[in-house]
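Scroll down for the structure; my scribbles are underneath it.
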Amino acid sequence: MNLAGPLHKNLIVGAGVTGMSCLRYLQAQGEAVSMYEDVLSTEKREMIKSVSNNAELFDKHNHFDVILDQVTTLVLSPGVSLQHPLVSEARKKSLEMIGDIELFARANTQPVLAVTGSNAKSTVVTLLHLMAIQDGKKAALAGNIGTPVLDVIRNEQHELYVLELSSFQLDTTYSLNTLVACILNISPDHLDRYESYEAYARSKQSIYQHAEFAVFNRDDALTKPDDSFKAECISFGMDEPDRNNFGLVNENGESYLACGNKNILSVSDLAKKNFTDIQNALAAMAIAKVAGISEEAIVQVLKTFKGLSHRCEVVEEQNGITWINDSKGTNVGASLAALQGFSNRPVILIAGGDAKGGDLRLLKDEIRRHVKCMLLIGKDAPLFYQEFKDDCLCEYVKDLDEAVTLAAEQAESGDVILLSPACSSLDMFSSYVERGNLFMKKVRAHLGGVQ
């Protein structure tokens with residue numbers, strides 16, 4: 001490979017979905033770009049060259065000093081750890097390090113609604129996007145939910161952006177101006193990427209740094225902006241709200257989603273009514289109202305939205321047994337919320353995978369209360385067994401096929417069989433989607449043979 005040549009201002013680190021969107025965007029801007037990926041397959045090289053014949057390509061076989069001598073800015077994909085050796089070398093050279101959201105922030109002139117949190121981000125931003133569309137706004141949904149924001153801003157004009165942001169994206173974002181910023185919740189996650197839980201929480205808090213309004217969860221103290229935030233704060237929670245905040249009001253035996261002393265929507269009118277569904281509805285309602293979306297649009301969406309796939313999704317119900325796919329339960333906080341949503345029924349829980357350093361002890365109370373059996377898969381199954389073997393029956397299973405078979409054998413009428421792994425799927429699957437789809441396939445195949 002010829003390392004001599006023109007000065008490359010931007011080095012994109014990571015050639016996945018986000019990295020490729022950065023390449024397309026910077027190429028369209030006429031910027032000089034090179035790309036780094038630890039392992040550049042022939043397929044990936046061809047994909048990059050189809051976008052830019054001028055992008056010089058580097059991999060782990062190239063000396064870092066030689067690569068970094070040719071750049072002034074690193075554009076990091078979210079999947080690239082800030083402890084990556086190349087990034088560490090760049091830090092020593094005081095090179096600028098940004099991500100795709102920062103590139104977007106420097107170009108955008110339209111209002112932004114930005115949402116982060118350990119769990120429920122995708123559900124809440126989807127609700128917000130639907131509310132904005134229902135209100136007649138030309139709104140874009142992008143970010144961590146799957147569509148790179150640079151592809152959206154490059155190809156279309158919008159009057160409002162709804163962004164789901166991960167902590168990894170926030171770590172390389174410095175100048176994102178938002179109309180409303182929100183942290184939904186914070187629970188231990190990605191502790192394999194952060195030095196401490198406190199560091200992870202600080203990463204989430206950075207979403208507020210250029211916000212006109214902050215919306216936070218008053219049931220989760222870590223979501224409240226710190227004292228340096230001087231703009232207006234609005235909260236949501238599961239208790240009765242005061243002033244302009246959002247919460248639940250009980251009147252005449254009925255619960256209502258309310259703002260201050262104004263009831264807006266009966267809980268019975270929500271399309272989904274579990275504990276987490278109500279929380280998500282309140283969060284989306286608070287953000288949407290602050291952003292100026294009409295109450296009529298908010299109510300219409302909440303009455304009809306039936307949730308996203310792989311999030312406490314009912315797969316089948318047979319013989320009084322309900323099978324639930326919560327494969328998106330990729331951390332302890334998500335699975336805790338799922339268990340709380342079924343606290344009135346006995347649960348057979350399928351859990352395990354890559355725990356990412358999560359604190360499994362946070363599940364203990366819910367498991368003691370109503371989990372009758374845990375079926376454990378994946379590389380960290382032994383961690384679950386050691387933590388919960390005295391709280392309920394725990395059994396190892398080799399795969400989801402065996403888990404479904406054993407769960408069916410042990411279930412009785414009234415039980416919930418819940419796939420909510422509290423773990424990443426990447427030790428066994430390509431994604432939580434593949435894990436959830438396989439679970440649903442196995443359940444339907446099994447029940448189809450049950451007479």
Side-chain angles (χ1 to χ4, degrees), residues 117-120 185-189 191 197 217 219-222 237-239 273-280 311-315 317 320-397 400 402-425 432 435 439 443:
S118 299
N119 302 298
N185 46 64
I186 298 180
S187 60
D189 196 13
L191 299 186
Y197 184 27
N217 180 354
D219 297 327
D220 186 339
L222 290 175
M238 297 294 278
D239 57 353
K273 305 174 180 64
N274 277 342
F275 180 87
T276 52
D277 300 320
I278 298 170
Q279 279 189 320
N280 295 341
R311 289 128 171 118
C312 287
E313 176 183 13
V314 176
V315 182
E317 294 187 74
I321 300 165
T322 306
W323 297 76
I324 302 291
N325 168 28
D326 188 47
S327 184
K328 189 60 173 68
T330 57
N331 59 49
V332 170
S335 293
L336 178 60
L339 286 169
Q340 289 170 336
F342 299 104
S343 59
N344 60 337
R345 296 175 66 180
V347 173
I348 295 173
L349 178 64
I350 303 171
D354 181 355
K356 301 175 292 181
D359 187 354
L360 302 183
R361 293 172 298 177
L362 297 175
L363 296 170
K364 191 170 280 288
D365 286 346
E366 289 298 322
I367 286 172
R368 281 175 175 167
R369 286 190 189 107
H370 59 278
V371 172
K372 58 191 287 186
C373 173
M374 293 182 69
L375 301 175
L376 305 174
I377 63 173
K379 81 178 187 70
D380 285 336
L383 298 180
F384 284 80
Y385 186 88
Q386 289 301 316
E387 189 63 51
F388 303 115
K389 59 184 172 61
D390 296 327
D391 301 313
C392 66
L393 176 65
C394 293
E395 295 190 36
Y396 292 113
V397 292
L400 284 179
E402 185 179 5
V404 167
T405 300
L406 285 179
E409 290 175 358
Q410 298 189 27
E412 302 172 306
S413 180
D415 288 355
V416 170
I417 300 173
L418 172 65
L419 171 70
S420 190
C423 288
S424 165
S425 61
Y432 75 85
R435 178 171 64 188
F439 175 70
V443 169

Is the shortest distance from a Lys or Arg side-chain nitrogen in Arg361 or Glu387 to a carboxylate oxygen in the other one below 4.0 Å?
no
Partners meeting salt bridge (Lys or Arg N to Asp or Glu O under 4.0 Å) with Glu395 (sequence neighbours left out):
none
Residue pairs involving residues 321-332 (criterion salt bridge (Lys or Arg N to Asp or Glu O under 4.0 Å); sequence neighbours excluded)
none
How close do Ala351 and Met374 get, counting heavy atoms only, and between which atoms?
CB-CE, 4.2 Å
Listed partners of Asp219 passing side-chain hydrogen bond (donor to acceptor under 3.5 Å, both in side chains), at least two apart
none
How close do Gln279 and Asn217 get, heavy atom to heavy atom, and via which atoms?
NE2-ND2, 4.4 Å
Please evaluate residues Trp323 and Leu419 with respect to the criterion side-chain contact (heavy atoms from CB on, under 4.5 Å), reporting the C-alpha separation (whole Å), side-chain torsions for both, the decisive distance (0.1 Å), and the verdict.
CA-CA 8 Å; Trp323 297 76; Leu419 171 70; over 6 Å; no
CA sep, side-chain torsions, deciding dist, call: Ile417, Val315, side-chain contact (heavy atoms from CB on, under 4.5 Å):
CA-CA 10 Å; Ile417 300 173; Val315 182; over 6 Å; no
Thr330 side chain to Ser424 backbone, donor-acceptor under 3.5 Å:
no
Please identify each residue that fulfils side-chain hydrogen bond (donor to acceptor under 3.5 Å, both in side chains) with Asp380, with sequence neighbours left out.
none
Spatial distance of atom NZ (Lys364) from atom CG (Asp359) [nearest 0.5 Å]:
10.5 Å
Does some side-chain heavy atom of Phe342 sit less than 4.5 Å from a side-chain heavy atom of Thr322?
no
Taking Asn331 for its side chain and Gly358 for its backbone only, find out whether a donor-acceptor pair lies under 3.5 Å.
no
Set of residues satisfying ring-ring contact (aromatic ring centres under 6.0 Å, His included) with respect to Phe275, sequence neighbours excluded
none
Closest non-hydrogen atom pair, Ile321 against Ala411:
CD1-CB, 3.6 Å
For the student: nearest non-hydrogen atoms of Ser187 and Ser118, plus distance
N-OG, 2.9 Å
Can you list the residues that meet the side-chain hydrogen bond (donor to acceptor under 3.5 Å, both in side chains) rule with Thr276, with sequence neighbours excluded?
none
Who pairs with Gln386 by side-chain contact (heavy atoms from CB on, under 4.5 Å), at least two apart in sequence or on another chain?
Lys389
So, do Ile348 and Leu375 sit near enough that their side-chain heavy atoms are less than 4.5 Å apart?
yes
Kindly state each residue pair satisfying ring pair (Phe, Tyr, Trp, His ring centres under 6.0 Å) with at least one member in residues 364-397, sequence neighbours excluded.
Tyr385-Tyr396
Does Asn119 offer a backbone N or O that forms a donor-acceptor pair with the side chain of Asn185 under 3.5 Å?
yes
Side chains of residues 332-341: which donor-acceptor pairs under 3.5 Å do they make with residues two or more places apart or in other chains?
from   : atom 1 : to     : atom 2 : distance (Å)
Ser335 : OG     : Ser420 : O      : 3.1
Ser335 : OG     : Ser420 : OG     : 2.9
Ser335 : OG     : Ala422 : N      : 2.9

Under the side-chain contact (heavy atoms from CB on, under 4.5 Å) test, residues paired with Lys379 that sit two or more places apart:
Asp354, Asp427
Rounded to the nearest 0.5 Å, what's the gap from CD1 on Ile377 to CD on Glu402? Could you check?
11.0 Å
Contacts of Glu313 that satisfy salt bridge (Lys or Arg N to Asp or Glu O under 4.0 Å) - sequence neighbours left out
none
For Ala120 and Asn280, the nearest pair of non-hydrogen atoms, with its separation, is CB-OD1, 3.2 Å
Checking Arg435 side chain against Ser327 main chain: does a donor-acceptor pair fall under 3.5 Å?
yes
Can you find a heavy atom in the side chain of Leu376 that is under 4.5 Å from one in the side chain of Cys394?
yes
Quick one: pull up OG in Ser343 and CG in Asn274 and give me the separation to the nearest 0.5 Å.
9.0 Å
Would you please name every residue forming a side-chain hydrogen bond (donor to acceptor under 3.5 Å, both in side chains) with Asp415, sequence neighbours left out?
Lys372
Among Ile350, Val347, Val371, Asn325, the one residue meeting side chain to side chain contact (heavy atoms under 4.5 Å, CB included) with Leu418:
Val347
